[in-house]
Number of protein chains: 4
Amino acid sequence: MARTAEKRERSRHEKRNLILQTAQSLFSENGYAATTIADVAKSAGVSFGSVFSYFESKEALFKQSLLEPLEQNKSIFLRFTTLETPSETVQALIRIHMEFVARNAAFLRIIQQVIAQRAQFPDLFEELDRFNHEFQDALCPIILQGQEMGEFSSGDPNLVATSYLSFLIGLRLAYADPPGHPLWTGMMVMAYRLFGPTAGSGNS
Amino acid sequence: MARTAEKRERSRHEKRNLILQTAQSLFSENGYAATTIADVAKSAGVSFGSVFSYFESKEALFKQSLLEPLEQNKSIFLRFTTLETPSETVQALIRIHMEFVARNAAFLRIIQQVIAQRAQFPDLFEELDRFNHEFQDALCPIILQGQEMGEFSSGDPNLVATSYLSFLIGLRLAYADPPGHPLWTGMMVMAYRLFGPTAGSGNS
Amino acid sequence: MARTAEKRERSRHEKRNLILQTAQSLFSENGYAATTIADVAKSAGVSFGSVFSYFESKEALFKQSLLEPLEQNKSIFLRFTTLETPSETVQALIRIHMEFVARNAAFLRIIQQVIAQRAQFPDLFEELDRFNHEFQDALCPIILQGQEMGEFSSGDPNLVATSYLSFLIGLRLAYADPPGHPLWTGMMVMAYRLFGPTAGSGNS
Amino acid sequence: MARTAEKRERSRHEKRNLILQTAQSLFSENGYAATTIADVAKSAGVSFGSVFSYFESKEALFKQSLLEPLEQNKSIFLRFTTLETPSETVQALIRIHMEFVARNAAFLRIIQQVIAQRAQFPDLFEELDRFNHEFQDALCPIILQGQEMGEFSSGDPNLVATSYLSFLIGLRLAYADPPGHPLWTGMMVMAYRLFGPTAGSGNS
DNA sequence: GATGAATGAGGATTCATTCAT
DNA sequence: TATGAATGAATCCTCATTCAT
């Protein structure tokens with residue numbers, strides 16, 4: 001009995017996730033307005049009414065399409081392990097972030113939409129703003145440390161962090177298809193440059 | 001007689017531009033779908049039907065909102081004067097571009113939308129892609145020259161150019177209110193870093 | 001001076017007729033609703049506003065498109081010369097009517113429209129109804145005379161007249177292009193049959 | 001369960017037919033353009049949106065208003081039983097057709113509209129043209145046989161068939177109120193005359 | 001909970017008519 | 001009188017949301 005309930009619960013959860021992922025994909029491709037609930041239902045292979053069983057409204061679905069992945073992946077950006085030197089830490093971070101960006105184009109495009117149409121999604125935009133600040137708070141100490149150690153050029157570390165995030169989000173996710181593409185390696189170098197690496201601190 | 005016709009013609013053109021600028025502003029704030037023609041008409045202070053006598057459709061209005069400023073300002077990005085050294089040229093460019101970005105937030109946000117929802121605006125996206133390539137073609141020689149002169153670190157110049165453009169477009173146009181804000185100066189430094197300036201070539 | 005005024009008057013009239021004929025042609029092809037005033041103006045090669053200088057409204061233009069040719073050609077149907085025998089008279093009539101139908105397809109099609117959508121054009125329909133009655137009144141004596149002389153089978157002459165008119169109006173004006181087409185000759189024979197010609201009174 | 005689904009299905013079908021019949025009636029009275037979807041919805045007692053859940057567009061609704069009755073009643077015109085003699089067969093046919101015309105004025109008026117405005121409904125017109133040809137093919141053998149037996153005057157049987165159909169379609173459906181009206185009997189006689197009945201073959 | 005039909009508010013677009021020049 | 005820009009009412013159609021089954 002408990003087993004059955006559990007299974008049912010799992011299946012419920014899976015269906016919810018299926019809908020959410022489908023929605024994320026469609027929203028990211030076509031935008032909020034051009035994506036209909038009927039599209040989502042059809043693409044996900046569930047009934048039209050089901051979407052409303054799992055999500056209160058279209059807006060709620062869109063919000064979750066952004067907020068859930070954001071929550072799940074926050075730690076990638078906010079909690080990182082420090083290596084021997086700041087430059088090593090930052091380079092490792094960049095690698096992880098680029099990998100993430102390469103693999104989560106849909107998520108990134110939704111972020112781009114929210115930023116580009118902030119007036120339409122004020123609370124989502126605020127959430128992203130909050131994330132930006134948290135990211136700054138997390139990254140600044142490393143940058144400062146690197147600057148003190150002479151690995152990075154001096155400059156407002158908050159500015160560096162924001163620029164870096166803008167750069168990631170602004171990436172034209174076109175070539176992005178294969179995460180192993182050499183372009184991504186090149187982009188990592190570019191990203192690293194934003195930190196102002198001094199000669200001999202890893203910038204090729 | 002000719003004078004009257006001329007005057008009428010001028011007024012016609014002014015009205016058209018009024019509508020276009022209003023549309024640009026609203027599209028940039030709320031996005032394509034959330035902006036109604038009635039909104040545009042009301043904001044511009046013209047009648048509902050007038051919008052349609054100047055623009056064939058909502059889509060045409062949106063396209064012109066992007067294409068006309070793009071055409072008018074292309075030269076800022078594609079035709080620039082070279083100074084003594086590549087690093088000076090690039091720094092001058094960055095100043096001009098940042099100024100432009102600071103003053104044309106609406107235009108930039110429309111570009112962001114098109115990029116974020118390329119499936120919805122395929123031809124506009126293509127146009128932007130073309131621009132990207134032209135920009136690369138224009139900028140690469142300077143970058144190469146700088147690399148040869150030792151002012152810039154080595155690296156694929158196309159990648160540098162694309163990164164730089166992405167960085168500009170990706171800028172979060174939030175703080176951007178006054179074009180004279182110190183943030184813009186900081187952003188110029190960040191932008192310059194993408195070119196991989198070597199020590200002594202102007203990166204503070 | 002008087003000469004000039006006259007000429008101007010003539011030109012005025014000609015322009016009016018040009019608009020009217022163009023309208024008739026377009027109304028007949030596309031129907032009342034699918035024909036726009038702008039279409040008419042463009043086809044006639046006059047300015048948009050001109051149409052309203054000559055006709056109070058779209059509806060007035062449509063009405064005139066029907067009523068003026070109706071008035072002009074009424075006599076063809078209502079005042080005819082009687083020949084030696086009723087059968088000869090009727091056959092001459094039929095020839096004239098068919099010729100008219102072949103040459104005035106546009107006019108006929110407008111009539112068809114009014115009849116098919118009588119609720120939309122009640123007064124025009126009434127006008128056609130009146131014409132139908134006048135036609136009956138004009139034709140019945142001939143038919144009666146023919147019946148009395150044994151040339152035509154007996155039967156309500158009003159019914160014959162109405163049937164004949166319905167037949168003319170109902171003709172599918174498709175093949176009708178060249179008025180000299182053999183089909184028209186065939187149709188004359190068919191039309192004559194409605195009068196119930198007895199053997200030896202001209203029905204081949 | 002199956003019973004419920006079946007019932008629902010039936011009700012769905014009934015609602016669809018209700019809308020279709022209402023539309024047919026309004027289209028026939030006022031014409032395509034002057035009939036609004038809102039009119040149809042109101043007359044049928046369904047919501048505005050419902051019309052669109054049963055029919056893709058206004059145009060589709062109009063097409064079905066013609067095509068469905070056409071399909072359903074084709075057999076009346078194309079498959080008939082032959083009696084002793086061609087004249088008897090034709091007279092029986094005429095009785096059936098007149099009865100049909102008297103009872104289906106709305107359908108006939110839609111046909112008249114399509115014919116009168118063929119440029120607007122080219123595919124429907126083509127469909128009617130096809131029907132015309134099928135009707136000719138079906139009727140000609142009878143006519144020929146009658147001509148050979150001396151019951152009908154000679155003449156191109158295709159012409160006779162087309163004339164007869166034009167006559168039916170061209171009938172002014174005004175008097176038509178009660179199908180039992182004596183006018184219809186008179187019209188049958190007129191219709192029969194088109195076949196060129198010789199003396200003694202049933203033409204009164 | 002699952003389904004999908006029903007609803008109607010909202011928005012793009014058309015076009016007759018008006019009116020200033 | 002000629003012109004054609006301005007206006008906004010009217011209409012088709014979409015689609016989020018509700019709700020009965």
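Labels below follow one simple rule: chain letters A, B, ... track the order of the sequence lines, proteins then strands, and each chain is numbered from 1.
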Length of the line joining B/Glu59:CD and E/dA12:P, which is rounded to integer Å: 12 Å
Plane angle bin for D/Phe27 and D/Tyr32 - parallel if under 30°, tilted between 30 and 60°, otherwise perpendicular: parallel
Closest to the D/Ser47 side chain, choosing from E/dG8, E/dT3, F/dC12: E/dG8
Interatomic distance, B/Glu56 CD vs E/dT13 C1' [rounded to whole Å]: 12 Å
Rounded distance in Å - OH (D/Tyr32) to C1' (F/dC12): 9 Å
Rounded interatomic separation in angstrom, taking CD1 from B/Ile19 and C1' from E/dA12: 16 Å
Rounded distance (Å) that lies between atom P of F/dG4 and atom CZ of C/Phe48: 11 Å
B/Lys58 NZ/CZ over B/Phe52 ring centroid, <6.0 Å and within 45° of normal: no
Inter-residue atom distance C/Gln64.CD - C/Leu61.CG, 0.5 Å rounding: 8.5 Å
Residue-phosphate contact under 4.0 Å: B/Ser53 side-chain N/O, F/dA5 OP1/OP2: no
Pairing partner of F/dT14 (Watson-Crick or G-U wobble, both distances under 3.5 Å): E/dA9
Sugar-phosphate, base or nothing in reach of B/Thr36, heavy atoms under 4.0 Å: sugar-phosphate
Complementary nucleotide for F/dT7 - Watson-Crick or wobble, under 3.5 Å: E/dA16
Toward the 5' end of DNA chain F, by each residue's nearest nucleotide, D/Ser57 or B/Gly49: B/Gly49
5' precedence on DNA chain F between A/Phe52 and D/Phe52 (nearest-nucleotide basis): D/Phe52
Rounded distance (Å) that lies between atom P of E/dG11 and atom CZ of B/Phe55: 21 Å
Separation of atom CZ in B/Phe62 from atom C1' in E/dA12, rounded to whole Å: 16 Å
Candidate nucleotides F/dA2, E/dT13, F/dA16, ranked by approach to the side chain of A/Ile37 - the nearest: F/dA16
Residues A/Glu29, A/Arg109: salt bridge by 4.0 Å N-O rule: yes
Position toward the 5' end of DNA chain E (nearest nucleotide), B/Ala33 or D/Val46: D/Val46
Interatomic distance where NZ belongs to D/Lys15 and P belongs to E/dG4 [whole Å]: 16 Å
Along DNA chain E (nearest heavy atom to each residue), the more 5'-positioned of B/Thr35 and D/Ser50: D/Ser50
Option among A/Leu20, A/Leu18, A/Ile19 that satisfies the side chain to side chain contact (heavy atoms under 4.5 Å, CB included) test with A/Thr22: A/Leu18
Distance below 4.0 Å between B/Tyr54 side-chain N/O and F/dA6 OP1 or OP2: yes
